[in-house]
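What you are looking at is a predicted structure, and each value in this text was computed from that prediction instead of being measured. Protein chains get the first letters and strands the later ones, always in sequence-line order, with residue 1 at the start of each.
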There are 2 protein chains.
Amino acid sequence: MRLGTRPDGTPYPEGDPYVDGCPTRHILDRIGDRWTVLVVGVLSGGTARFSELRRRVEGISQKMLTQTLRELERDGLVTRTVHAEVPVRVEYALTDAGRTLTGPLKALEEWSVQHLSGVLAARETYDDRRTA
Amino acid sequence: MRLGTRPDGTPYPEGDPYVDGCPTRHILDRIGDRWTVLVVGVLSGGTARFSELRRRVEGISQKMLTQTLRELERDGLVTRTVHAEVPVRVEYALTDAGRTLTGPLKALEEWSVQHLSGVLAARETYDDRRTA
DNA sequence: CGGCATCCTTCCAGATACTG
DNA sequence: CAGTATCTGGAAGGATGCCG
């Protein structure tokens with residue numbers, strides 16, 4: 001089936017799905033960044049605290065992790081729980097809505113695992129031809 | 001199942017999937033931009049020529065469309081066919097590999113259609129609390 | 001520990017002009 | 001029609017310092 005059509009198969013109001021009102025654009029704005037998918041990926045394995053996420057999402061800066069978590073929290077996909085201890089412990093977890101996202105992301109990841117070598121090979125071929 | 005594990009369930013060599021070698025990062029680098037998914041979406045409906053893509057992916061600039069198509073071609077996901085006519089006609093189409101990508105993307109789009117309203121509502125609630 | 005505020009750099013996307 | 005080439009502004013993101 002064609003991407004960008006409603007579940008029932010009808011097109012979006014404007015007659016073409018690739019307009020600003022398209023829901024796909026909204027999620028792309030969310031998962032389109034480097035980190036969101038990776039953070040959700042770690043959280044799909046269960047609750048994690050800030051420093052744990054920072055370690056497991058290799059290469060993420062403190063700033064970006066905070067920003068990513070805030071956005072996810074804002075969108076109702078992640079909960080933030082502060083335990084009033086000393087030192088403070090903050091735990092993050094997926095909400096029910098957040099958990100439903102892991103399915104599609106998993107599908108995407110499986111695709112990448114299966115096709116990465118092919119993509120890299122195609123890339124090399126393409127580059128070789130341009131160099132030669 | 002946990003994101004970032006191999007299909008058979010074992011972890012990646014480094015012991016944690018969220019490292020630079022992770023295939024997920026590679027596709028994220030590809031589909032992570034604004035346009036790739038939308039272009040693939042249009043092409044999932046069949047062959048299209050340059051100007052047609054430009055019209056249907058609303059808001060894309062000529063530069064970005066060219067760039068996106070080049071990347072997709074380089075990765076072996078899209079073919080570019082030049083018809084030596086006057087004026088020139090260039091047609092783009094998904095390859096077999098490119099078509100396999102539409103499945104996962106479709107899943108993601110369906111998620112967005114189903115959850116967009118909830119996400120927007122959560123966002124409003126979050127913002128209201130911060131304002132108040 | 002888990003942040004926020006600030007500065008600073010880099011990179012990318014848009015606008016514009018030109019071409020086979 | 002389907003591009004290429006170049007310039008430039010703005011935003012994303014890293015580094016650093018401070019705080020409850």
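Judged purely by atom type and a 3.5 angstrom limit, A/Arg99 uses its side chain to pair as donor or acceptor with the backbone of A/Leu94. Between the side chain of B/Thr36 and the backbone N or O of B/Gly32, no donor-acceptor pair lies under 3.5 Å. A distance-only check finds a donor-acceptor pair linking the side chain of B/Thr125 to the backbone of B/Ala121 [under 3.5 Å]. Distance alone, capped at 3.5 Å, is enough to place a donor-acceptor pair between the A/Asp33 side chain and the A/Trp35 backbone.
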When you compare the protein's N or O atoms with those of nucleotides 14-18 of chain C, which come within less than 3.5 Å of each other, and at what distance?
unit_1, atom_1, unit_2, atom_2, d
C/dG14, N7, B/Lys63, NZ, 3.3
C/dG14, O6, B/Lys63, NZ, 2.4

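Listed by residue number, there are no residues of residues 70-95 of chain B with a heavy-atom contact under 4.0 Å to DNA chain C.
Nearest heavy-atom pair, B/His26 versus A/Leu116, reported as atom, atom and distance to 0.1 Å: CB-CD1, 3.5 Å. The shortest heavy-atom contact between A/Arg34 and B/Asp29 is NH1-OD1, 3.5 Å. Contact record, B/Ala107 with A/Pro104: O-CG, 4.0 Å, taken as the closest heavy-atom pair.
For residues 95-118 of chain A, the set of pairs meeting the ring pair (Phe, Tyr, Trp, His ring centres under 6.0 Å) definition, not counting sequence neighbours, comprises A/Trp111-A/His115.
The overall bend of the helix from C/dC1-D/dG20 to C/dG20-D/dC1, read as the angle between its terminal helix axes built from five base pairs each, is 50° when rounded to 10 degrees.
Counting non-hydrogen atoms under 4.0 angstrom, B/Arg54 reaches nothing in the nucleic acid.
Taking the 5' to 3' direction, DNA chain D first and last meets chain A under 4.0 angstrom from a heavy atom at D/dG13 to D/dA15.
A search for side-chain hydrogen bond (donor to acceptor under 3.5 Å, both in side chains) contacts involving A/Glu73 returns nothing, not counting sequence neighbours.
Salt-bridge formation is detected for the pair A/Glu109/A/Lys106: a Lys NZ or Arg NE/NH1/NH2 atom is positioned less than 4.0 Å from an Asp or Glu carboxylate oxygen.
A straight line from CG of A/Leu69 to P of C/dG2 spans 11 Å, rounded to a whole angstrom. In this structure, A/Glu52 places its CD atom 10 Å from P of C/dG2, rounding to the nearest Å. In this structure, CG of A/Leu65 is placed 10 Å from C1' of C/dG2, rounded to the nearest angstrom. Atom-to-atom, CG of A/Asp33 to C1' of C/dC11 comes out at 16 Å; the value is rounded to the nearest Å.
B/Tyr126 and A/Val90 are assigned to two separate hydrophobic clusters, defined by single-linkage of ILVMFWY side chains at heavy-atom distances under 4.5 Å.
Between B/Val39 and the choices B/Val42, B/Val37, B/Leu43, the side-chain contact (heavy atoms from CB on, under 4.5 Å) rule is met once, by B/Leu43.
Contact check for B/Arg80 versus B/Val78: no side-chain heavy atoms found under the 4.5 Å cut-off.
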